[in-house]
Amino acid sequence: MAKRSVRFFILISLLVSACSTTDDQTSKTTASTEITRTSVSYASTSTINENSDINSSNQSRNDEAIISEYTENNEYFKNFLSYFSEENSQIDRTHPFQTLNSFCTTYPPVKEEVVPATVEVKRGDSLAKIASKYELTLEEILEMNNIANPNLIFVGQEIRVGEELQVGLGPQSTGRGITENSVSVVTISSSNDELKTLGFEDFSGDTTEMFSSFIQILNEECGGFHGRKIDLQEVTTFPLKAFDIDISTLGNIACINATKEIPSVIVIDISQFSGPLEHCVVNEQKTALVTTKVLSKQNVTSSDNRLLLDSFETEQAFSLMLEFAENEGLLLNQSIAVIADDSLGNYESVITGLVEPLRELDYDPEFHFLNCEGGILCNAGMEVVIDALAENPPDVLFPTLNPISLPEFLSQMLQSGIPKPQIIQSAFNYQDDEQSTNHIFNYGGSRVADYYNGAIIFSYPYVEMQRIREGQFSPFEEMCIDEYLRVSDLDQHIVDKRRTETVLRICSITRYIARALYDAGVNPTRRRIHESLSSIGHVDSPGLSFGSFTLEKPTRPSSIQQTKYQFPCGVDLETEIQNYSGCILPVTSPKSILGN
């Protein structure tokens with residue numbers, strides 16, 4: 001896999017130079033690898049950040065009581081396979097990229113199809129509309145047709161939208177990122193080294209090596225896709241400000257590098273902190289994006305079927321969370337507070353997806369927000385918000401902050417003596433991820449983790465770390481682990497079991513891409529590949545459920561599950577010792593959401 005982080009640094013340097021207005025400002029710019037970090041004061045949490053202090057108030061309970069309380073969870077893990085029914089699967093196991101015995105299989109040649117290279121202008125058409133339909137930018141379609149004025153076209157005019165192909169010659173170049181030998185795919189990675197200064201432990205592992213391992217199987221063992229192979233490249237972005245460039249701008253730079261510098265057909269983003277690059281990739285550069293982020297419905301509906309979410313839409317995540325919280329009676333006669341940040345898109349999504357629906361249900365939530373100042377640590381205005389909560393302590397709290405900001409907020413609540421509320425979370429901002437809950441302990445110590453203990457999380461069925469330690473895997477998960485183990489030189493999931501979740505996620509996403517490229521045919525256009533990707537149907541996915549993608553359902557999960565953050569992790573005494581930072585445990589069995 002080729003990496004483009006160096007070119008990315010060059011782009012940053014150029015942007016910095018362009019933004020400098022005086023020689024004095026330029027002289028103050030240091031080496032291009034220097035990062036301007038948002039400062040964090042640890043003094044306020046020095047009495048809390050006691051990672052070695054495991055003697056919190058709840059730990060005074062005896063081990064037998066904890067183990068007894070979670071007997072049902074323990075049985076869930078030990079009997080995981082009894083919940084998994086392959087008979088209910090609607091997945092075609094004869095498909096070369098949907099088998100369970102191996103990651104993929106070889107297949108016979110597929111008949112070539114004639115791909116039209118021109119379209120006829122119809123009444124109401126515009127070059128911009130035609131370009132978007134065929135995954136071209138306006139500049140590309142103008143150059144392809146030698147048109148100077150995009151407004152001067154007429155009904156009946158033939159417009160070129162692709163390369164002229166000859167049937168019988170096999171794979172041929174069909175457009176940007178599709179050559180006779182390869183299809184360009186780019187992964188977005190986030191350089192999280194800077195986050196270590198904030199106490200964040202990234203245990204997801206080397207995602208580059210994981211992607212490369214599965215792509216190696218596709219390209220070398222299964223013959224690629226009708227004679228083509230995936231040309232996998234990587235673009236690195238940064239979660240913190242660089243040279244005072246905000247994370248939104250950094251996200252856009254990563255987008256340009258991934259879609260113009262590298263003419264990718266598909267971009268994959270599984271990083272937590274890549275910045276808001278979705279609009280640039282999907283709408284401006286007409287490139288498909290597969291992401292693990294929870295994004296707004298507006299992002300999805302404006303994408304023209306180029307955006308696939310391996311999670312929920314924001315409004316969907318909040319709606320399901322509220323529905324289940326209502327059914328459980330968690331909100332009845334309770335005072336409610338919602339905390340958000342003002343990062344791009346988050347503020348509006350929380351208002352429209354959570355605050356307004358709460359009011360429609362006749363609740364009267366207090367709404368507070370923190371300022372991120374263009375970064376990822378959202379703590380500006382913290383004192384005002386904490387004072388308001390201290391004056392009116394909520395019974396139920398929805399803290400929708402990102403994983404970097406939440407621990408500091410909880411620390412301040414605890415220090416201010418605010419009574420512990422019932423915290424309710426969703427998949428929004430990765431608060432359903434044990435890497436996020438792990439940071440609560442790492443940053444705030446056992447007292448803050450204990451304050452968060454009992455937080456209810458509504459999300460799709462999860463690959464719980466406890467299940468990984470129990471060695472309870474579905475047939476699909478076992479296949480992914482076995483295949484990765486077979487080709488990898490690093491065996492990351494053995495070095496650190498927590499990386500198993502990342503292996504499984506990358507395995508499933510790589511299979512989405514493989515299926516789409518195979519189904520798109522011998523000489524597909526970019527549009528054909530994107531349509532194939534957005535309508536691949538039922539897919540294997542980690543966790544106790546199958547997912548699906550259709551033109552009407554661009555979000556993968558088909559079910560939801562109530563889980564709970566438990567500190568310490570008291571399934572049994574042995575695992576409690578292993579999971580001293582806490583864990584997420586299932587409370588209920590998964591429930592279908594397809595009717596919602």
Side-chain angles (χ1 to χ4, degrees), residues 1-5 8 97 102-104 177 182-192 202-225 228-237 254-255 257-259 261-274 277 281 287-293 308-311 433 435 463 476-477 479-496 498-518 529 533 536 539-542 556:
M1 174 191 288
K3 296 187 179 182
R4 294 299 182 99
S5 56
F8 183 64
F97 299 100
S102 59
F103 189 69
C104 56
S182 65
V183 176
S184 179
V185 175
V186 170
T187 63
I188 302 291
S189 67
S190 180
S191 178
N192 292 339
D202 180 6
F203 53 75
S204 57
D206 184 351
T207 58
T208 300
E209 189 272 341
M210 295 177 193
F211 270 116
S212 296
S213 295
F214 288 113
I215 296 299
Q216 175 187 334
I217 298 175
L218 294 175
N219 286 343
E220 298 181 9
E221 298 182 16
C222 299
F225 310 91
R228 289 187 185 85
K229 297 184 178 181
I230 289 180
D231 176 18
L232 184 67
Q233 301 192 55
E234 180 185 59
V235 168
T236 302
T237 185
C255 160
N257 206 12
T259 57
E261 294 293 314
I262 308 169
S264 60
V265 179
I266 301 171
V267 173
I268 306 171
D269 181 12
I270 68 167
S271 62
Q272 287 183 303
F273 309 110
S274 59
L277 48 76
V281 172
T287 302
L289 174 65
V290 180
T291 179
T292 56
K293 292 179 182 176
L308 265 67
L309 306 185
D310 202 45
S311 186
D433 192 294
Q435 190 159 264
V463 184
F476 171 72
E477 293 168 344
M479 180 276 296
C480 288
I481 293 171
D482 290 344
E483 290 287 78
Y484 175 70
L485 181 63
R486 181 173 63 83
V487 300
S488 172
D489 294 327
L490 298 184
D491 299 338
Q492 296 189 57
H493 65 299
I494 296 177
V495 175
D496 187 339
R498 296 176 299 178
R499 298 176 183 176
T500 304
E501 182 198 352
T502 313
V503 171
L504 296 177
R505 173 161 283 176
I506 288 176
C507 176
S508 62
I509 290 177
T510 306
R511 288 244 293 203
Y512 307 161
I513 306 301
R515 286 181 54 188
L517 293 178
Y518 173 84
I529 291 175
L533 181 61
I536 56 177
V539 295
D540 289 301
S541 56
R556 191 260 302 167

Inset, instruction - Answer whether the closest heavy-atom distance between the side chains of Ile262 and Val235 falls below 4.5 Å. - result: yes

Inset, instruction - Could you tell me whether the side chains of Gln272 and Gln435 share a donor-acceptor contact shorter than 3.5 Å? - result: yes

Inset, instruction - With side chain to side chain contact (heavy atoms under 4.5 Å, CB included) as the test, would you mind laying out the steps for Glu483 and Ser102 before giving the verdict? - result: CA-CA 7 Å; Glu483 290 287 78; Ser102 59; 3.8 Å; yes

Inset, instruction - Using modelled atom types only, decide if a donor and an acceptor are shared between the side chain of Ser508 and the backbone of Arg505 within a distance under 3.5 Å. - result: yes

Legend entry - Donor-acceptor under 3.5 Å (Gln233 side chain, Val185 main chain): no

Inset, instruction - Please assess Phe103 against Leu218 for the test side chain to side chain contact (heavy atoms under 4.5 Å, CB included), listing each intermediate value before the final yes or no. - result: CA-CA 8 Å; Phe103 189 69; Leu218 294 175; 3.5 Å; yes

Legend entry - Heavy-atom side-chain contact between Thr292 and Ser311 under 4.5 Å: no

Inset, instruction - Report yes or no: does Ser182 contribute a side-chain atom to a donor-acceptor pair with the main-chain N or O of Ser184 at less than 3.5 Å? - result: no

Inset, instruction - Show your working on ring-ring contact (aromatic ring centres under 6.0 Å, His included) between Phe225 and Tyr518 and close with a plain yes or no. - result: CA-CA 6 Å; Phe225 310 91; Tyr518 173 84; 7.9 Å; no

Inset, instruction - Establish, for the pair Arg515 and Phe97, whether the NZ or CZ atom is under 6.0 angstrom from the six-membered ring centre and no further than 45 degrees off its axis. - result: no

Legend entry - Heavy-atom side-chain proximity of Thr207 to Thr187 below 4.5 angstrom: no

Inset, instruction - Could you verify whether a donor N or O on one side chain and an acceptor N or O on the other, from Thr236 and Ser189, lie under 3.5 Å apart? - result: yes

Inset, instruction - Check whether any side-chain N or O of Ser264 sits under 3.5 Å from a backbone N or O of Ala258 as a donor-acceptor pair, and report yes or no. - result: yes

Inset, instruction - Please check if any side-chain donor atom of Glu209 sits under 3.5 Å from a side-chain acceptor atom of Ser213, or the reverse. - result: yes

Legend entry - Side-chain (Ser190) to main-chain (Ser271) donor-acceptor, under 3.5 angstrom: no

Inset, instruction - Sort out for me which residue in Arg511, Arg556, Lys293 forms a salt bridge (charged side-chain N to carboxylate O under 4.0 Å, His left out) with Asp310. - result: Arg556

Legend entry - Candidate list Arg498, Gln492, His493, test side-chain hydrogen bond (donor to acceptor under 3.5 Å, both in side chains), partner Asp496, passing option: Arg498

Legend entry - Any Phe203 side-chain heavy atom under 4.5 Å of Thr502 side chain: no

